[in-house]
Amino acid sequence: MIGIISDIHGNLEALEAVLEAGQRFSINRWVCLGDIVGYGPNPVECLELVRSHCDVIVKGNHDDACGCFAEIDEFNQIAKRAILWTIEQLKDVDRDWLSKLPLYVLEEDRMYVHSSPYKPYLWHYIFTESEARRQIQHLPQNIRYCFIGHTHEPFRFVSDNKSELINVGSVGQPRDYDARSCFVVFNESLGKFHFCRVEYDIERTQQKILDRGLPRFLAHRLQLGN
Ligand code: ZN
């Protein structure tokens, strides 16, 4: 069983709840699809937990921005404020580590990538079926399952030739109006997966966001799940 997580965004309570929930599924391999940091109040702790638990880690756009100031002006003001705050918390060695993460990883019949299989460095958002259909054509040969994150919305698309694009949702900042953390458990021998939702202590995370002087909206949106 493979546990696949994405978009943790420095939310330690959510990450701990997900890793704990994973124990129920006898997960023997964890994959992180990026955006470990940005927005949330515990970037350092989340980095450490992801590093110690995950066998595969790919880079998200917030990791990139915090790692090497990449395209920092592309972000909205709230995201940018959180990124600048996060950069102050991280050691140079951690920023260096973030900046060197791979954009994607291929493993057997699976691709792991933060944003999209086509030109992942452009950080495309895949929200619609037509976009998913277009993107799935760019899967490398032999890849049947492409796991992504980035939009913070769980999503599944199956193409005519049975390849699948699966957005695993977000651990630390869900945006599908369900405030619970989201991740995917994939049974690689059966080719079956399911979305798991896990409650965590949202109020505690919100209080930390406020205490650290991060934008209030980042606390508020956690309870909305958007
Ligand atoms: Zn994200």
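All ligand and atom numbering here is 1-based and tracks the order in the structure.
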Over 60° means perpendicular and under 30° means parallel, so classify the ring planes of His62 and Phe75, tilted if in between.
perpendicular
Run through the protein N/O/S atoms less than 2.8 Å from the Zn ion (ligand 1) and write them out by chain and number.
Asp7 OD1, His9 NE2, Asp35 OD2, His152 NE2
Not counting sequence neighbours, which residues clear side chain to side chain contact (heavy atoms under 4.5 Å, CB included) with Arg180? List them please.
Asp178, Arg197, Glu199
Does any part of the side chain of Gln135, heavy atoms only, come nearer than 4.5 Å to the side chain of Phe157, both counted from C-beta?
no
Parallel, tilted or perpendicular: ring planes of His152 versus Tyr39, cut at 30 and 60 degrees:
perpendicular
Aromatic ring pairing Phe193/Phe147, orientation class (parallel under 30°, perpendicular over 60°, tilted between)
perpendicular
Can you tell if the side chain of Leu222 reaches within under 4.5 Å of the side chain of Ile209, non-hydrogen atoms only?
yes
